[in-house]
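Below is one structure, written out as structure tokens; the observations come after it.
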Amino acid sequence: MARQWNFKQELVFCFGHHLADNPTQHMLEKAFRHHGMNWRYVNFELGNERLAEAVRAVRVLGFRGGNCTMPCKVTVIPHLDRLGQSAGLMEAVNCVVVDGEELVGENTDGKGFLQSLGEVSDPAGKRVTILGAGGAARAIAVETALAGASRITIVNRSPRRGRQLVELLRTRTEVEARFLPWEGDHALSEDTQILINATSIGMHPDAGARIPLRTDTLTPEMVVADVIANPPLTRLLQDAADRGCTVLDGLGMLVNQGVISFRYWTGQDPDSAVMRAALEEVFGG
Ligand code: NDP
């Protein structure tokens, strides 16, 4: 009797620039293989010029979802049918989810961070300081506010960007938010409970770069998190660990945004250990 074959393959896309060394692709392909799923994660090097056509192709070709990275995180929005709550607040989409006939924009960056943070601390009722006001800071600030943080302090080099983020938090969430200009080495207020570096300082190839921060203001009661995944052990985390703080690396956030995206696309929970191991292969653990 002829053997039955099932070659049905499901596709997930990533749109953006500089995708040749996209660690998310490696991580998700490993997860699909580990779970015996005939799914592929395909990078499409794409700017904004042909984004509308590309999203139409997603619908026509039956992609099961995808990621958007720079420069498509904001510009993809008009081509989608609706946005999830936090993606709507942040006005940025990094994950496209197929819901019946609709394409829904979600943001899993901040959710991934929260999941990672949840392993060591519940942000509800906590005073949080975020260094930076770019895309990562925005995602983290909105999710942390929605999770019930009592106060969020934004410290940013560009006051305009910092104040914009504070304005968003004040007008669209319940959190008490304030902006502090970043002048010289920043001294943390004593009552800070969670510090998050959401700047790109310390990212490869500038590994080891020093964040302008008075490390003598770090105390052992604080949780210190970094968004930098490459390298996972940043100078900030090393300094914080030396001062007795609880530290959290950027790999956890990257893994968890992938875990949440995987769940959105497939309806299944992936093995996050397999995904973290895939990233450690790329970045070193
Ligand atoms: P953006 O370009 O949107 O923002 C960069 C931020 O860093 C801005 O606040 C910028 O300040 C600040 N900054 C950069 N250089 C300096 C400096 N020398 N001194 C002071 N501030 C500085 O980038 P993203 O927010 O998208 O990404 C930030 C980092 O987060 C990247 O390293 C990225 O890889 C990482 N990331 C990690 C994720 C993960 O899953 N682990 C997910 C997403 C991002 P200013 O406004 O003044 O320019």
Side-chain angles (χ1 to χ4, degrees), residues 14 16-19 21-28 67-75 86-87 90-95 106-117 129-144 152-168 179-186 196-213 224-237 247-262 272 275-276 278-280 282-283 285:
C14 183
H17 282 159
H18 311 299
L19 299 179
D21 54 359
N22 182 7
T24 299
Q25 180 191 42
H26 181 63
M27 172 173 76
L28 284 161
N67 283 139
C68 290
T69 182
M70 296 309 290
C72 305
K73 284 187 172 185
V74 177
T75 45
S86 57
M90 292 164 206
E91 295 173 344
V93 164
N94 78 328
C95 180
E106 295 283 355
N107 197 306
T108 59
D109 281 337
K111 293 185 203 303
F113 174 80
L114 264 198
Q115 191 160 326
S116 193
L117 179 65
T129 294
I130 300 177
L131 305 174
R138 210 175 164 85
I140 290 170
V142 166
E143 292 291 356
T144 310
I152 296 182
T153 304
I154 302 293
V155 180
N156 197 51
R157 180 178 60 180
S158 140
R160 192 184 54 82
R161 233 170 159 192
R163 290 207 174 90
Q164 273 175 356
L165 178 50
V166 165
E167 188 59 19
L168 182 154
F179 170 72
L180 295 180
W182 202 338
E183 287 158 354
D185 285 0
H186 180 73
I196 303 153
N197 171 43
T199 73
S200 43
I201 304 172
M203 188 171 80
H204 174 80
D206 294 319
R210 178 180 172 278
I211 291 181
L213 177 76
V224 177
D226 207 321
V227 296
I228 304 290
N230 183 20
L233 182 60
T234 58
R235 182 164 170 181
L236 171 68
L237 293 188
V247 298
L248 209 57
D249 69 29
L251 274 187
M253 175 178 173
L254 194 53
V255 170
N256 285 322
Q257 62 80 25
V259 166
I260 296 165
S261 298
F262 188 105
S272 59
M275 292 168 68
R276 182 161 178 123
L279 287 183
E280 284 172 354
V282 181
F283 298 143

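In each ligand, atom 1 is the first atom listed, and ligand 1 is the first ligand listed. Throughout, numbering of the chain's residues begins at 1 and tracks the sequence.
Residues Leu279 and His26 fail the side-chain proximity criterion, which asks for heavy atoms closer than 4.5 Å. You'll find the side chain of Leu237 reaches within 4.5 Å of the side chain of Val224, heavy atoms only. Side-chain contact between Glu143 and Met90 is present, with at least one heavy-atom pair separated by less than 4.5 Å. Between Leu254 and Thr24, some side-chain heavy-atom pair lies under the 4.5 Å cut-off. In this structure, the side chains of Met253 and Asp109 come closer than 4.5 Å at one or more pairs of heavy atoms. Looking at Lys111 and Ser86, their side chains come closer than 4.5 Å, going by heavy atoms from C-beta outward.
Scanning the protein for heavy atoms near atom 23 (O) of ligand 1, the closest one is Gly135 N, 4.5 Å. For atom 47 (O) of ligand 1, the nearest protein heavy atom (residue, atom name, distance) is Ser158 N, 2.8 Å. The protein heavy-atom contact nearest to atom 32 (O) of ligand 1 is Met203 SD, 2.9 Å. Given atom 14 (C) of ligand 1, the protein heavy atom at minimum distance is Ser200 OG, 3.4 Å.
The closest heavy-atom contact to atom 42 (C) of ligand 1, among the options Met253, Lys73, Gln164, His204, comes from Met253. Across the listed options Ala198, Gly202, Gly134, Ala198 owns the non-hydrogen atom lying nearest to atom 28 (C) of ligand 1. With atom 44 (C) of ligand 1 as the reference point, the heavy atom nearest to it among Gly112, Ala136, Ser116 is part of Ala136. When the options Asn94, Ile201, Val227 are ranked by their closest heavy atom to atom 20 (C) of ligand 1, first place goes to Ile201.
A donor-acceptor pair under 3.5 Å is formed between the side chain of Asn94 and the backbone N or O of Thr108. Using a distance-only test at 3.5 Å, with no hydrogens or angles considered, no donor-acceptor pair links the side chain of Trp182 to the main chain of Leu131. Under a 3.5 Å cut-off, the side chain of Ser116 and the backbone N or O of Gly112 do not form any donor-acceptor pair.
Here the closest heavy-atom approach between residue Ser272 and residue Val255 is recorded as O-CG1, 3.8 Å.
Residue Ile228 approaches ligand 1 through these ligand atoms, each under 4.0 Å from one of its heavy atoms: 32 (O). Taking a cut-off of under 4.0 Å to the non-hydrogen atoms of Gly250, the atoms of ligand 1 that pass are 41 (N). In the vicinity of Gly132, heavy-atom distances shorter than 4.0 Å reach the ligand 1 atoms 9 (O).
Residue Arg161 places at least one N or O, backbone or side chain, under 3.5 Å from an N or O of ligand 1. An N or O contact shorter than 3.5 Å is missing between Thr199 and ligand 1 by distance. Considering both main-chain and side-chain atoms, Arg157 comes within under 3.5 Å of ligand 1 through a nitrogen or oxygen pair. At a 3.5 angstrom cut-off on N or O pairs, Ala229 does not count as close to ligand 1. Note: an N/O pair closer than 3.5 Å links Asn156 and ligand 1 by distance alone.
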